[in-house]
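Labels below follow one simple rule: chain letters A, B, ... track the order of the sequence lines, proteins then strands, and each chain is numbered from 1.
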There are 2 protein chains.
Amino acid sequence: MTLNIGPRLRAVRKQNGLSQRELARRAGVTNATVSLIESNNINPSVGSLKRVLDGIPMGLSEFFAFEMPEDAEQKVFFPANELVEIGRGGISYRQVGVDLTGRALQILDERYGPGADTGKILLRHEGEEAAVVISGRLEVTVGDQVRTLGPGDAYQFDSRQPHRFRNVGEEPCRVISACTPPSF
Amino acid sequence: MTLNIGPRLRAVRKQNGLSQRELARRAGVTNATVSLIESNNINPSVGSLKRVLDGIPMGLSEFFAFEMPEDAEQKVFFPANELVEIGRGGISYRQVGVDLTGRALQILDERYGPGADTGKILLRHEGEEAAVVISGRLEVTVGDQVRTLGPGDAYQFDSRQPHRFRNVGEEPCRVISACTPPSF
DNA sequence: TAAGCGCGTTCACGATCCTGAACACTGTGC
DNA sequence: GCACAGTGTTCAGGATCGTGAACGCGCTTA
């Protein structure tokens, strides 16, 4: 099971203007390793591929992002009235797109009614999330930090940290948020 | 260089309700291999990890989407006046956060002046991007598709497709966008 | 022409992976 | 109690990886 990652590595390396030896030196491997990988003559271990990519530098996820094309093209445009409503309990999540398989990004147009709250039991999941507050006042709890955000304010954190959202204002609160990967 | 991917594989496998043997059978490897990987006792080759993930199934990119942040905690809250202005040519990109290394997500609060345009030469880069239009009218070109979006409308596409944005309205246009991975 | 330097490739060998088989443990049914 | 089917772990050994060193080629400079 030797994957065809050689050309991919070669392309990435050349894009960054590195020779095999220079990349090998930065990565702490031998130039032979780089050569063998690029020519698909070996099936590198995850660890050694990671070391090589560190020399670029590039993450494994980014490196493998090219293996997506599997299925054909996906929907691109989403009119406001086609956003998928997945709200519950005073909170409305309007999701861009229905089927998120194969997507690396989930965008939500969120509306919190006055007093709406994701609950005392803090949320936790894999991935990363970020958002910008459009209107209203949102109290955001992340780990042991609490902060109230207003229009134009933003947050971003690792979703494995326990978190919670609460509309502490009198009016509805609107937030545009993004998660990666889709986990809902 | 044995990476700490064992727990990650174990978590993914259990999330899908599979035993080591069942996963091994689907993947075409031995249960010993799964066990050894999960306990970090070996540094698997990329090929064998791919085979194992095929049995779930899950892509390598998705699997590596949560490379451990390595360093400690990062900034979480970003007041509106601390967003980093990286605008040019009638377009203002206000970025959430300064240093994006280690982040998997880039959130921008974008403002397009009337007539602002990302240019005739279409953009292309790795990753995926998505956004929701807050106000104004934005003409979005993706591949051979063109569409004008208004408030509440959204888009999402693979950034390797050539793309372009243009404010075709009389008033300023505001968009909240997300990209993964950060590439700017 | 020849020396010098950089490039990518190839080779032999020690280190490591991956397998097939056994092992120990737990829970279920009779 | 015992058999049995399920779980995850451990072990010897052939297959493969990754290294250090050599090789061949093209370019620049003297």
Side-chain angles (χ1 to χ4, degrees), chain A residues 1-67 125-126 160, chain B residues 1-68 70 126:
Chain A
M1 183 86 174
T2 302
L3 296 170
N4 182 32
I5 61 179
R8 167 75 178 146
L9 176 60
R10 178 158 296 177
V12 167
R13 172 175 62 81
K14 297 206 163 174
Q15 271 176 19
N16 288 73
L18 299 172
S19 69
Q20 289 183 347
R21 278 186 165 81
E22 174 60 15
L23 174 56
R25 192 191 58 74
R26 297 191 188 189
V29 300
T30 60
N31 58 307
T33 302
V34 176
S35 175
L36 291 167
I37 295 176
E38 289 190 356
S39 50
N40 277 345
N41 274 59
I42 60 171
N43 177 8
S45 71
V46 174
S48 56
L49 179 61
K50 164 96 167 96
R51 289 186 69 167
V52 171
L53 291 177
D54 281 346
I56 290 192
M58 170 178 278
L60 287 162
S61 178
E62 191 180 353
F63 182 80
F64 287 116
F66 77 109
E67 60 156 6
H125 45 95
E126 301 236 55
R160 285 170 304 188
Chain B
M1 183 85 173
T2 302
L3 297 169
N4 182 30
I5 62 178
R8 166 80 181 139
L9 176 60
R10 178 159 294 177
V12 166
R13 173 174 64 78
K14 297 207 162 172
Q15 271 175 19
N16 287 73
L18 299 172
S19 68
Q20 288 183 347
R21 277 185 166 79
E22 174 60 16
L23 174 57
R25 193 192 57 73
R26 296 192 190 190
V29 300
T30 61
N31 59 308
T33 302
V34 177
S35 175
L36 291 167
I37 295 176
E38 290 190 354
S39 50
N40 277 345
N41 274 63
I42 58 172
N43 176 9
S45 71
V46 174
S48 56
L49 179 61
K50 163 96 168 101
R51 288 185 70 168
V52 170
L53 291 177
D54 281 347
I56 292 193
M58 170 177 278
L60 287 163
S61 178
E62 193 179 351
F63 181 81
F64 288 116
F66 329 97
E67 286 187 81
M68 291 300 173
E70 306 259 342
E126 301 239 48

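- When the nearest nucleotides of DNA chain C are assigned to Ile42(B) and Ala32(A) by heavy-atom distance, the more 5′-ward of the two goes with Ala32(A).
- Closest approach of Asn40(B) to Ile5(B), counting heavy atoms only: OD1-N, 3.6 Å.
- Residue Val29(B) is in sugar-phosphate contact alone, with no base atom involved, counting any heavy-atom pair closer than 4.0 Å across all strands shown.
- Across dT19(C), dC7(C), dT9(C), the shortest atom-to-atom separation from the side chain of Gln20(A) is found for dT9(C).
- The residue Ser19(A) sits close only to the backbone: its heavy atoms come under 4.0 Å of sugar-phosphate atoms, none of a base.
- Between Asn31(B) atom CG and dA24(C) atom C1' there is a gap of 14 Å when expressed in whole angstrom units.
- A donor-acceptor pair under 3.5 Å links the side-chain atoms of Asn43(A) to the main chain of Gly47(B), judged by distance alone.
- Closest of all the heavy-atom pairs between Val52(A) and Ala27(A) is CA-CB, 3.7 Å.
- The nearest whole Å value for the distance from the NZ atom in Lys50(B) to the C1' atom in dC18(C) is 19 Å.
- To the nearest angstrom, C1' of dC17(C) lies 15 Å from CG of Leu3(B).
- Map Ser45(B) and Ser39(B) each onto its nearest nucleotide of DNA chain D; the residue landing nearer the 5' end is Ser39(B).
- Judged purely by atom type and a 3.5 angstrom limit, Ser39(A) uses its side chain to pair as donor or acceptor with the backbone of Ser35(A).
- Contacts of Asn43(A) with the nucleic acid, taken as non-hydrogen atoms under 4.0 Å apart, involve only primed sugar atoms and P, OP1 or OP2.
- Between the P atom of dA12(C) and the CG atom of Leu36(A) lies a distance of 14 Å, rounded to the nearest Å.
- The side chain of Ser35(A) places an N or O atom within less than 4.0 Å of a non-bridging phosphate oxygen (OP1 or OP2) of dT9(C).
- The separation between Glu38(A) atom CD and dT10(C) atom P is 13 Å, rounded to whole Å.
- Leu9(A) places its CG atom 11 Å from the P atom of dG8(C), with the value rounded to the nearest Å.
- First and last contacts of DNA chain D with chain A, using any nucleotide atom under 4.0 Å from a protein heavy atom and ordered 5' to 3', fall at dC17(D) to dA22(D).
- Within 4.0 Å (heavy atoms only), Ser48(A) reaches sugar-phosphate atoms of the nucleic acid but no base atom.
- Of all heavy-atom pairs between Gly28(A) and Arg51(A), the closest is O-NH2, 2.8 Å.
- Scanning atom types as modelled, no donor and acceptor separated by under 3.5 angstrom connect the side chain of Arg21(A) and the base of dG6(C).
- Here Leu53(A) contributes atom CG and Met58(A) contributes atom CE; the two are 7.0 Å apart, rounded to the nearest 0.5 Å.
- Straight-line distance from the CD1 atom of Ile37(B) to the P atom of dC18(C): 6 Å, rounded to whole Å.
- Taking every heavy atom of both residues into account, Val46(B) and Phe64(A) meet most closely at CG1-CZ, 3.8 Å.
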